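Letters A, B, ... mirror the listed sequences (proteins, then strands); counts begin at 1. All values below were derived from every heavy atom in this structure, side-chain atoms included, with hydrogens, water molecules and symmetry-related copies excluded. Since the structure is predicted, the reported quantities are computational estimates derived from the model, not experimental observations.
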Number of protein chains: 2
Amino acid sequence: MTLTEPWNDARADARKRACSPICEDGGCADCKVRTISVCGALEAEEFAALEQLSHAATFAAKAMLFEQGAVAGNLFNVTEGVVRLYKSLPDGRRQIVGFALAGDFLGLALMDRYGVTAEAVTPVKACRFARSAFVHYIDDKPHLLRRLHEFAGHELSLAQDQMLLLGRRSAEEKIAAFLLNLQARYARIGSSSVTIPLPMSRQDIADYLGLTIETVSRTLTKLSRDKTILIVPDGVRLLNIERLDKLTAA
Amino acid sequence: MTLTEPWNDARADARKRACSPICEDGGCADCKVRTISVCGALEAEEFAALEQLSHAATFAAKAMLFEQGAVAGNLFNVTEGVVRLYKSLPDGRRQIVGFALAGDFLGLALMDRYGVTAEAVTPVKACRFARSAFVHYIDDKPHLLRRLHEFAGHELSLAQDQMLLLGRRSAEEKIAAFLLNLQARYARIGSSSVTIPLPMSRQDIADYLGLTIETVSRTLTKLSRDKTILIVPDGVRLLNIERLDKLTAA
DNA sequence: GGGCGTCGTTGACGCAGATCAATGCCGGCG
DNA sequence: CGCCGGCATTGATCTGCGTCAACGACGCCC
């Protein structure tokens, strides 16, 4: 389970504090837990305790963090880079169910086995928690459990939005929604801009939106011809989406 | 959030006990909480306490249990009938994210607002819990919270499976998966058979699978011509799916 | 520098499934 | 009984997107 949401302004301060390095005197000097998602519920000493459990981990692009069906031994907190989460069909068809950015947790569902495969899209840095230690830690912290549950509910709601998108929206609507969503997420982790990077490949985008690479490519070209987006020079993976909000119509 | 899964044989006994009427001396004589999903974690006295919180509720077909975006004041436990859960686009396009059968909980995500709309497909009987009372009750029961969280994780996993289905499977695969899934769920709530009712309309099925009614109808006809399913005489909404397992290929 | 593999774009074409339309089957109701 | 409105089926046709194929732009390695 990836946790990205929910945010609200009331928590912004707590978040800012929470996102600063907290591992200075912990077991791993360079592991900075970005507990963006959960921090609102954490006391300082709890933070310290939590980070004692974590270990720094880095992954090269295309490296696998964990695989669908494997015993869920670890949780991860992404601190840098992008991770794709997907399910596959035996014949190779793939559905990406989400992208995890800095601050997102993976595996918070605390299931026995991973429900999806997680792969690094870009080089990734993450904090790793042993599931057993994590579970043991939170087991007598009802408010933390409540908070996790709250996030699970939000995560589910996002998944349902994605179902609506996959089942009922056109290619153009899918792309527009994807870009706007990505922009909103970048904004939350501190890089607010109308110009956004697309670190993932066209194939990834296609597998996320239930399309083909050709359709993704054509739709992006069309949007840029219509001046709805602007493909920033020198980067097929950098877009300016200033005028995309015209397409919102949520 | 609907909770249907997960089951395992080890819990079957506890479940059987749990599903018997437990409201005899409670506030509502005819409200029978079917805590199929959660019962494994409930002690007898907890059961009694929980059912004290519940009130019987009935809904005519097409009645709304709750609406997307409304303040989430209640939880429901369906005891009879079928409920559809959906999200809508402003232009009327609809995505059904799930059907709730007897034993399923609605609203267990405990979010402030409902993320989907819930409507009775058939006449429905349900136990209603005030959210505040429910939350208050479970708040100091960590093992219950853990269990709820576990279900949330499983629910999410099901949603992700549905994403894969919506994004990457053909019409025929969608229908086959839907029928097999429905059969499996009926089996769990006690009506195990290769002949299953389809209480929902073609439009509902279409909106669940991201198709149109015509495609649903044609695909069902095709499957029955191929002898893969059998449309039981005297019921467009009754199918025999004896030989559908050929199509599984999960 | 040159070969080569990966990635993205673009065009031509085909098809699964959407759309439009007609018909039949009930069930409810005056 | 006969009318009517909702639902399912079926056919004809259309089209959005998939498929197949060619090509250019990079980046990498020898």
Can you tabulate the close N/O pairs, meaning under 3.5 Å, that link protein atoms to atoms of nucleotides 10-13 of chain D?
from: D/dT10; atom 1: OP2; to: B/Thr221; atom 2: OG1; distance (Å): 2.8
from: D/dG11; atom 1: N7; to: B/Arg218; atom 2: NH1; distance (Å): 2.8
from: D/dG11; atom 1: O6; to: B/Arg218; atom 2: NH2; distance (Å): 3.3
from: D/dA12; atom 1: N6; to: B/Arg218; atom 2: NH2; distance (Å): 3.3

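To the nearest angstrom, C1' of D/dT19 lies 13 Å from CD of A/Gln203. Here C/dG8 presents its P atom at 12 Å from CG of A/Asp207, a figure rounded to the nearest Å. The nearest whole Å value for the distance from the CZ atom in A/Arg169 to the P atom in C/dG17 is 22 Å. Across the protein-nucleic acid pair, A/Lys222 atom NZ and D/dG16 atom C1' stand 12 Å apart, rounded to whole Å. Between the P atom of C/dA16 and the CD atom of B/Glu173 lies a distance of 13 Å, rounded to the nearest Å. Look at CD1 on A/Ile175: it is 12 Å from C1' on D/dC17, rounded to the nearest Å. Atoms CD1 (B/Ile205) and P (D/dT9) sit 9 Å apart, rounded to a whole Å. Separating the CG atom of B/Asp204 from the C1' atom of D/dG6 is a distance of 14 Å, rounded to the nearest angstrom.
Of the possible donor and acceptor atoms, one in the side chain of A/Arg113 sits under 3.5 Å from a partner among the backbone N and O of A/Gly69. A distance-only check finds no donor-acceptor pair linking the side chain of B/Lys125 to the backbone of B/Thr79 [under 3.5 Å]. Judged purely by atom type and a 3.5 angstrom limit, B/Gln162 has no side-chain atom pairing as donor or acceptor with the backbone of B/Val97.
With the nearest nucleotide of DNA chain C identified for both A/Arg168 and A/Met200, A/Met200 has the one nearer the 5' end.
Side-chain N/O atoms of B/Thr212 include one lying less than 4.0 angstrom from OP1 or OP2 on C/dA18.
You'll find the ring centres of B/Phe76 and B/Phe129 outside the 6.0 Å limit.
In this model, no donor atom of one side chain and acceptor atom of the other lie less than 3.5 Å apart for A/Gln95 and A/Tyr208.
Scanning for ring pair (Phe, Tyr, Trp, His ring centres under 6.0 Å) contacts around A/Tyr114 gives A/Phe66, with sequence neighbours left out.
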